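The shown structure was predicted, so the numbers you read here are calculated from the model rather than taken from an experiment. The chains referred to below are lettered A, B, ... by the order of the sequence lines, with proteins before strands, and numbering in each begins at 1.
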Amino acid sequence: QSALTQPPSASGSPGQSVTISCTGTSSDIGTYKYVSWYQQHPAKAPKLLIYEVSKRPSGVPDRFSGSKSGNTASLTVSGLQAEDEADYYCCSYAGGNIHYVFGTGTKVTVL
Amino acid sequence: QVHLVESGGGVVQPGGSLRLSCEASEFTFSTYGMHWVRQAPGAGLEWVAFIHYETSIKYHAESVKGRFTISRDNSKKTLYLQMNSLRAEDTAVYYCTKEKVTDGEYDKAFDIWGQGTAVTVSS
């Protein structure tokens, strides 16, 4: 099972929006509602931003939103702030012997 | 505040063994499924293993199946990962992470993470 495909990098100016795609297959994103997104700052543990495609855990700003269409999920960060500069990973449940597959990761730069 | 603290990482020769531990605090450990996720240097995240709160259900990634074993001791609020036959490609930071649950249903997401423990497999 290959990793989900994300663009290596994305960028935007403060206040702008950036959208990160996450492309999988009909065996993972295309079948299950269990897509999650994580933010990771350098040398820190990942932090859950989005679960079940578009739900936000308490404490996560509504600037972060998620969606899914077919085999592709997306994370949008609106109103970019300096502290949003980090790596972002998607993850999908895949069932069977695979269970979970992560994305390749996207580095977001705030210009 | 909910807390997970990993320990047990270190440098080990190829073919060697290590046991990682993850101690939980400030939540009812015995009622949650737990996972191990790893991250090789400069690389992305990789799911490694899951254990149900009742311990009888365990899943391991194909890349570690037969070599790694996840377990837990609910009385000690501790999660373990026994790693045998270690290979260079197992070099990574290993995170323990808690399964997110909403209204008794697994959300299949990881909502609490430890700080990680580094494992280096090298001769």
### Residue part contacting chain B, namely of Q6(A), when any heavy atom lies under 4.5 Å
neither
### Summary
Pair count under 4.5 Å, heavy atoms only, with chain A: among H35(B), Q39(B), Q115(B), highest is Q39(B)
#### Entry: Within 6.0 angstrom of E83(A) CD, more than 12 heavy atoms from elsewhere
yes
### Message
Applying a strict under-4.5 Å side-chain criterion to I, L, V, M, F, W and Y, I'd like to know whether W37(A) and Y93(A) cluster together.
### Response
no
### Message
Would you compute the distance between atom NZ of K47(A) and atom CD1 of I112(B) and round it to the nearest 0.5 angstrom?
### Response
10.5 Å
### Query
Is the number of heavy atoms from other residues, nucleotides or ligands within 6.0 Å of NZ (K58(B)) greater than 12?
yes
### Task
Using a cut-off of 6.0 Å, state whether more than 12 heavy atoms not belonging to K107(A) lie near its atom NZ.
yes
### T102(B) and Y51(A), any side-chain heavy atoms less than 4.5 Å apart
yes
### Query
Which bit of V93(B) is near chain A, if near means a heavy-atom gap under 4.5 Å: side chain, backbone, both or neither?
neither
### Query
Any chain of hydrophobic side-chain contacts (each under 4.5 Å) joining Y80(B) to F27(B)?
no
### Query
Looking at Y100(A) versus F110(B), is the centre-to-centre ring distance below 6.0 Å?
yes
## Note on the structure
Between A109(B) and Y38(A), the two heavy atoms sitting closest are CA-OH, 3.5 Å
### Task
Indicate if V101(B) and V53(A) have the same hydrophobic cluster label, given that clusters are the connected sets of ILVMFWY residues with side-chain heavy-atom separations under 4.5 angstrom.
no
### Message
For E23(B), I'd like to know if atom CD has over 12 heavy atoms of other residues, nucleotides or ligands within 6.0 Å.
### Response
no
### Atom group of K55(A) that falls short of 4.5 Å from chain B, counting heavy atoms
neither
### Heavy atoms from other residues, nucleotides or ligands near NZ of K44(A) exceed 12 (cutoff 6.0 Å)
no
### Query
So H99(A) and W47(B), would you call those rings parallel, tilted or perpendicular, with 30° and 60° as cut-offs?
tilted
### Message
If you define the side chain from C-beta out and look only at heavy atoms, does anything of C91(A) sit under 4.5 Å from L45(B)?
### Response
no
### Shortest non-hydrogen separation from K108(B) to S36(A) and the atoms involved
O-OG, 4.4 Å
### Message
Please find the pair of heavy atoms, one from Y89(A) and one from A43(B), that lie closest to each other, and give the distance.
### Response
OH-O, 3.6 Å
### Same cluster (ILVMFWY, side-chain, under 4.5 Å), L4(B) and F50(B)
yes
### Task
Check the hydrophobic clustering (I, L, V, M, F, W, Y; side-chain heavy atoms under 4.5 Å; chains of links allowed) and say if Y95(B) and L49(A) are grouped together.
no
#### Entry: From Q40(A) atom CD to W113(B) atom CH2, the distance as rounded to the nearest 0.5 Å
8.0 Å
### Task
Identify which part of Y106(B) has an atom lying under 4.5 Å from any heavy atom of chain A, answering side chain, backbone, both or neither.
backbone
#### Entry: Region of Y32(A) in contact with chain B, defined by heavy-atom distances below 4.5 Å
neither
